[in-house]
2 protein chains.
Amino acid sequence: MERHDLPAARIPKRWYNVLPDLPRAPDDFLDPRTREPVGTEYMERLLPKALVAQETSPERWIAIPEEVRAAYRLWRPTPLYRALALERHLDTPAEIYFKYEGASPSGSHKLNSALAQAYYAKLEGHERLVTDTGAGQWGSALSMACSLFGIKALVYMVRASYETKPYRRHFMETFGQEVLPSPGPHTEFGRTLLKEAPDHPGSEATAVSEALETVRLNDGDRFSMGAFAGHVLLHQTVVGLETREQLEELGKQPDFLVASVGCGSNMGGFAFPFVGDKLDGRDLTILAAEPAACPTLTSGTYRYDFADASGLGPMARTYTLGHGFVPPPIHSGGLRYHGAAPLVGLARHEGIIDSRAYAQKAVFEAGTLFARLHGLLPAPESAHAIRAAMDLAVECREQRRRAVIVFCYSGHGLLDLGAYGSYTAGEMADTEPYEAALAAGDPALAAPAGR
Amino acid sequence: MERHDLPAARIPKRWYNVLPDLPRAPDDFLDPRTREPVGTEYMERLLPKALVAQETSPERWIAIPEEVRAAYRLWRPTPLYRALALERHLDTPAEIYFKYEGASPSGSHKLNSALAQAYYAKLEGHERLVTDTGAGQWGSALSMACSLFGIKALVYMVRASYETKPYRRHFMETFGQEVLPSPGPHTEFGRTLLKEAPDHPGSEATAVSEALETVRLNDGDRFSMGAFAGHVLLHQTVVGLETREQLEELGKQPDFLVASVGCGSNMGGFAFPFVGDKLDGRDLTILAAEPAACPTLTSGTYRYDFADASGLGPMARTYTLGHGFVPPPIHSGGLRYHGAAPLVGLARHEGIIDSRAYAQKAVFEAGTLFARLHGLLPAPESAHAIRAAMDLAVECREQRRRAVIVFCYSGHGLLDLGAYGSYTAGEMADTEPYEAALAAGDPALAAPAGR
């Protein structure tokens with residue numbers, strides 16, 4: 001395995017904002033009560049002002065505060081590896097590279113935005129950030145970031161993960177932060193859901209609803225998002241900016257950029273810095289790897305929908321499976337979200353991003369093979385990208401194409417070993433794909449509100 | 001937090017062998033049947049020949065094979081950090097640095113030797129490496145290393161850890177390797193122990209016994225050690241050699257070098273490259289941080305004893321609590337071993353190394369504080385070194401001493417979150433210190449054989 005590093009001085013000094021380079025502006029967020037575009041006042045009650053400003057900034061480059069850049073130095077720049085053993089194993093003429101975000105102290109790319117959000121919230125004098133987390137990677141990152149910048153965090157964790165992944169919960173609590181299961185008895189929305197279904201497994205959408213309700217009731221709170229919003233994707237562009245520099249140093253141009261997509265923060269951060277090349281006419285495929293059980297970009301529709309389950313938060317136009325959809329409890333908890341980040345949805349709608357969906361066992365097969373060949377155990381989320389990269393490399397073999405495939409290794413799988421244990425023991429089942437559930441008339445797929 | 005990196009070209013090209021620089025040669029290993037020094041034939045049936053040669057080599061520098069160095073490149077050189085937030089928190093004039101081995105793909109320094117051992121075993125045509133593991137860090141490292149070099153591994157895992165730490169077992173199995181609990185029904189020694197005590201928690205010593213018995217019965221097997229032997233400490237000197245270069249670049253000389261000691265591989269690898277300075281007269285304290293429940297260097301005696309529980313393996317002269325001692329099941333499973341590596345024992349006997357022992361809750365207090373201040377969650381083993389470094393820094397404050405304290409952060413604690421969860425919830429108890437158990441006449445402390 002070849003490894004390519006950047007010197008510390010080349011941690012990006014600016015985030016890249018894709019907005020001015022997209023073919024058209026994204027549609028406005030709508031206030032769910034009025035269905036009119038949300039105003040600044042509404043947004044600033046929800047988020048730190050600096051983040052609201054970033055959300056609609058027309059500037060292509062936004063300076064990274066020195067304090068945030070110093071914190072990035074904890075583990076950045078991250079290496080770009082060439083997966084030579086995987087190339088040999090697949091007998092492909094393609095070159096396979098991956099950007100390795102797994103050595104981040106919280107275990108994934110999520111810390112890139114968490115540090116920025118904790119910094120701005122502290123700077124503006126807020127007391128606490130309230131957020132949702134699925135598998136726990138975002139909650140872990142935000143807990144750590146808030147601990148480093150000296151501010152409190154409250155994390156609503158999807159109940160399915162809260163109960164089956166206690167390690168992530170312990171992680172957040174070790175950093176001194178509060179973790180509550182969603183749905184849970186601490187909010188009105190949570191109590192309503194539990195009354196209807198005491199075993200409700202929760203989803204990122206239910207956790208978002210509870211977080212929003214909490215923020216609305218406490219003036220010292222602000223909401224924090226691990227994906228979805230444009231400012232989160234903006235912060236994640238350090239991933240793609242570094243990757244670009246590393247590929248340039250190697251004299252390589254990517255033919256395929258691959259990332260897993262739950263909501264889209266790692267895809268956005270990894271691929272957006274290359275979007276200009278594609279729009280300038282370069283033959284570049286940007287491929288989103290999704291779970292078959294929750295194939296938002298592959299099987300969803302592009303329209304206005306709620307970002308949360310309760311319809312309390314803003315509405316956004318993007319790809320969605322419907323905000324009432326509760327994905328089955330697959331092991332890639334981070335990908336269990338009904339909608340795509342609006343910027344990723346727009347990019348898909350404009351033909352900039354393609355997508356494919358993969359069944360769970362095929363994903364773990366890829367993750368396990370990769371670990372044995374390269375000594376790195378990927379998060380199940382990242383294993384989706386590995387699966388997609390492998391399939392592309394096999395297609396290149398059939399086409400005798402010497403393509404350059406680059407994927408984002410978004411996080412490590414050390415806290416997903418229960419799932420790997422189940423796969424290795426032959427006990428893992430594939431969940432029903434979305435289409436089959438839809439055909440069978442699953443009530444979880446009921447038509448959502450929208451306009 | 002300041003971070004100091006070395007460029008890739010400065011991964012050490014040679015391991016440092018402390019033997020020629022010690023005040024005297026270590027005593028011979030003895031054959032347990034004859035009590036005579038073991039011969040080469042005996043050792044080569046046990047270990048790959050290259051490792052037997054390293055064990056007694058008079059050469060100060062031993063070349064690292066290019067294949068091993070290429071594998072080190074996966075994560076080396078590792079960073080040296082300055083813990084500024086911890087210094088401020090403790091209000092100490094001392095400077096605190098740490099060498100960070102936690103970003104290794106297997107999670108700890110153990111991979112430094114595992115890769116070398118898997119490489120030599122494969123080169124010499126052996127079919128399988130058989131080993132013991134306590135908390136699972138060594139077993140994880142060897143499983144991964146054997147997977148990378150294409151050779152089989154069999155890991156006897158201390159039963160207490162096998163049952164309470166399934167994630168580590170899943171890790172090894174994901175890499176395609178076999179894991180068995182010790183004591184277990186697969187060896188004669190294991191069956192004997194289970195007959196006497198069906199709930200036997202096991203210890204590193206019982207696992208060593210079962211591994212040795214297995215190797216003896218299978219010609220294609222060789223034994224692999226995660227610590228104890230000189231060649232293991234030799235491989236670990238990449239840690240100290242890099243640290244030395246990093247401190248030199250900063251213009252710093254260490255006054256205190258601190259590492260946790262179970263058997264001594266991270267202490268040996270981290271501190272041995274500085275031993276020459278100390279013997280040349282420099283005022284340098286090398287401090288071993290041990291668990292109060294198993295304080296080998298602090299409370300043991302220096303004499304011949306068995307390395308394993310059954311008396312099957314070679315005898316060595318070192319510090320020991322007696323090979324019949326079964327340490328209580330503390331969370332730092334990697335430190336639950338009755339003896340010290342003979343080279344570390346000799347260094348202690350010659351006054352080169354000092355030691356202190358720490359109770360479990362004080363260790364987790366230090367680990368949790370460190371995580372909150374620096375965003376890195378240490379393994380409980382490493383948290384012993386953090387506890388010791390903190391206590392030294394406080395003593396420096398009292399003495400108004402601007403000392404340079406450097407500790408080895410041997411591994412991350414992501415697979416120890418159950419223990420952190422127990423600590424955070426206030427449910428952790430301190431185990432009985434060794435001295436109290438001794439005074440109470442605990443039969444586990446029965447006097448061992450020896451000469």
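These values consider heavy atoms only, across backbone and side chains, with no hydrogens, waters or symmetry-generated copies. Letters A, B, ... mirror the listed sequences (proteins, then strands); counts begin at 1.
Put simply, of A:Thr424, A:Leu377, A:Leu74, A:Thr368, the one with the most heavy-atom pairs under 4.5 Å next to chain B is A:Leu74. By number of non-hydrogen pairs under 4.5 angstrom with chain A, the leading residue of B:Cys146, B:Pro7, B:Ala371 is B:Ala371. Heavy-atom pairs under 4.5 Å with chain A were tallied for B:Phe171, B:Tyr167, B:Tyr423, B:Tyr420; the largest tally goes to B:Tyr167. If you tally non-hydrogen atom pairs under 4.5 Å between each of A:Asp416, A:Asp5, A:Leu415 and chain B, the highest count goes to A:Leu415. Comparing B:Ala425, B:Pro105, B:Gly375, B:Ala71 by heavy-atom pairs within less than 4.5 Å of chain A, the highest count is held by B:Gly375.
Note on ring orientation: taking the six-membered ring where Trp is involved, the planes of B:His4 and B:Tyr97 are tilted (angle from 30° to 60°).
Looking at A:Gln137, its side chain never comes within 3.5 Å of a backbone N or O of A:Gly411 through a donor-acceptor pair.
When B:Glu2, B:Arg3, B:His374 are each tested for a side-chain contact (heavy atoms from CB on, under 4.5 Å) with B:Tyr81, only one passes: B:Arg3.
Here the shortest heavy-atom pairing between B:Leu6 and B:Pro77 reads O-CG, 3.6 Å.
A ring-centre distance under 6.0 Å is found for B:Phe98 and B:Phe370.
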